[in-house]
Amino acid sequence: MKKILCVSLAALLAILLSACVNKDQIPSANAALQTSNIPEVSIGASDLPEADTSGGQSSQGPIIAESSNTVSDKETEAILDELSADLESALGGAEGLEDIDNTDLDLNNIE
Amino acid sequence: MKRKLTVIITAILVLTLLTGTVAYADGGSRIGDKIQKAQDRLDFLKAVQPLIDEVKDNRDQIKIKVDQLKNLRQQAKQHIKTLKENPGALTDEQIELIQSLSQQLKDCRNVLKDTNPNMVQQRQNLREQRRSRNYEAILTTYGNIISIQKDRMLDLDKMISINQQIIAI
């Protein structure tokens, strides 16, 4: 009976000791994680899927807005409107060119 | 008495002869002038014909280019309309290109516009020179008109290229 009690105590001690050892190892494991290059995982607004510029489908979820430039849509539209106006203006200039008349090219008119 | 009469008759004869010679010489020089003028006109016509042909040819080419530009403008405007439907799809590089093309169009238009006063001046000069039959000046003015036309054609070619670049965005 005494023998069983001793063995039980020894086993309990062993379990307690191993538990203490594991507890000491957790901080060192965290420190190892911080010094390594493995990115931390956090859940927040920044985890929204980025626009896919490669043309492929994102497997992370639906694409909310797609933009390939750093200019606002309004600014881009204004730039395009200006281009459109410049096209009109340039053609207007080409159509309104001053020219000489046919009579200026008629040799019979030179007396 | 007889001797005096002979001298007088001789003097009259000499005078008549001299007057006739001068009159003949004068008539001859007038004919010479006419021949020279006819030759000048012939030389002028030979020199001016190729210039007039070139002016006419350039006018035709300019008209073709303006028509081409009109057609491309239509396509470019339609393309811009499509681009406006999804402005976010344009890259920064494409937006920069659009801004650059916009500026180039403005420059081209100004270059074209600046040729107008020069053309009006040349046309005015030409009409005065034709009235006064200043052949040398007429040839120079036609040369100036050709030079203006060439500048215009270069500018129109640039505008056509800009329109094509817009359509390719």
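Values in this document were obtained by computation on a predicted structure and should not be read as measured data. Below, read A as the first sequence line, B as the second, and so on, with proteins coming before strands; counting in each chain starts at 1.
When the candidates B:Gln129, B:Lys113, B:Lys106 are compared by the number of heavy-atom contacts under 4.5 Å with chain A, B:Lys106 comes out ahead. For the set B:Lys63, B:Gln122, B:Lys70, B:Lys81, the entry with the most heavy-atom pairs within less than 4.5 Å of chain A is B:Lys70. Looking only at heavy-atom pairs under 4.5 Å with chain A, the residue among B:Ile166, B:Ile145, B:Leu45 that has the most is B:Ile166. Your options are B:Ile138, B:Leu72, B:Thr91, and the one with the most heavy-atom pairs under 4.5 Å with chain A is B:Thr91. Heavy-atom pairs under 4.5 Å with chain B peak, among A:Asp101, A:Asp81, A:Asp99, at A:Asp99.
B:Leu126 touches chain A through its side chain: at least one heavy atom from C-beta onward sits under 4.5 Å away, while N, CA, C and O do not. Proximity to chain A involves both the backbone and the side chain of B:Val66, based on heavy atoms less than 4.5 angstrom apart. Both the backbone and the side chain of B:Lys84 come within less than 4.5 Å of a heavy atom of chain A.
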Name the atoms and distances for all side-chain donor-acceptor pairs under 3.5 Å in residues 152-160 of chain B, with sequence neighbours left out.
residue: B:Arg152; atom: NE; partner: B:Thr115; partner atom: OG1; Å: 2.9
residue: B:Arg152; atom: NH1; partner: A:Glu98; partner atom: O; Å: 2.7
residue: B:Arg152; atom: NH2; partner: A:Glu98; partner atom: O; Å: 3.0
residue: B:Arg152; atom: NH2; partner: B:Thr115; partner atom: OG1; Å: 3.3
residue: B:Arg152; atom: NH2; partner: B:Asn116; partner atom: OD1; Å: 3.0
residue: B:Asp157; atom: OD1; partner: B:Lys65; partner atom: NZ; Å: 2.8

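Between atom CD1 of residue B:Ile98 and atom CG of residue A:Leu80 there is a gap of 4.5 Å, rounded to the nearest 0.5 Å. To the nearest 0.5 Å, atoms CD (B:Gln104) and CG (A:Leu83) are separated by 10.5 Å. For the atom pair A:Thr103 OG1 and B:Arg127 CZ, the distance stands at 5.5 Å (nearest 0.5 Å). Note that CD1 of B:Ile80 and CD of A:Glu77 are 13.0 Å apart. Values are rounded to the nearest 0.5 Å. In this structure, NZ on B:Lys56 lies 6.0 Å from CG on A:Leu105, to the nearest 0.5 angstrom. From B:Arg59, atom CZ reaches atom CG of A:Leu97 across 12.0 Å, with rounding to the nearest 0.5 Å.
A pairwise comparison of heavy atoms in B:Gly88 and A:Asn69 identifies O-ND2, 3.7 Å as the closest pair. Closest approach of B:Leu112 and A:Gly93 over heavy atoms only: CD1-C, 4.2 Å. Here the closest heavy-atom approach between residue A:Leu87 and residue B:Lys77 is recorded as CD1-CG, 4.0 Å.
A side-chain donor-acceptor contact under 3.5 Å links A:Asp86 and B:Ser102.
A salt bridge between A:Asp104 and B:Arg123 is absent, with no side-chain N of the basic residue lying under 4.0 Å from a carboxylate O of the acidic one.
Around CD of B:Glu136, the count of heavy atoms belonging to other residues, nucleotides or ligands within 6.0 Å does not exceed 12.
Both B:Leu139 and B:Ile148 belong to a common hydrophobic cluster when Ile, Leu, Val, Met, Phe, Trp and Tyr are linked at side-chain heavy-atom distances under 4.5 angstrom. The cluster map of Ile, Leu, Val, Met, Phe, Trp and Tyr, joined by side-chain heavy atoms under 4.5 Å apart, puts B:Met119 and B:Val55 in the same cluster. When hydrophobic clusters are built by joining Ile, Leu, Val, Met, Phe, Trp and Tyr residues whose side-chain heavy atoms come closer than 4.5 Å, directly or via intermediates, A:Leu91 is grouped together with B:Ile62. B:Ile64 is not connected to B:Ile162 by any chain of hydrophobic side-chain contacts under 4.5 Å among Ile, Leu, Val, Met, Phe, Trp and Tyr, and they are in different clusters.
Each salt bridge (charged side-chain N to carboxylate O under 4.0 Å, His left out) pair with one or both residues in residues 86-95 of chain B, not counting sequence neighbours, would appear here, but there are none.
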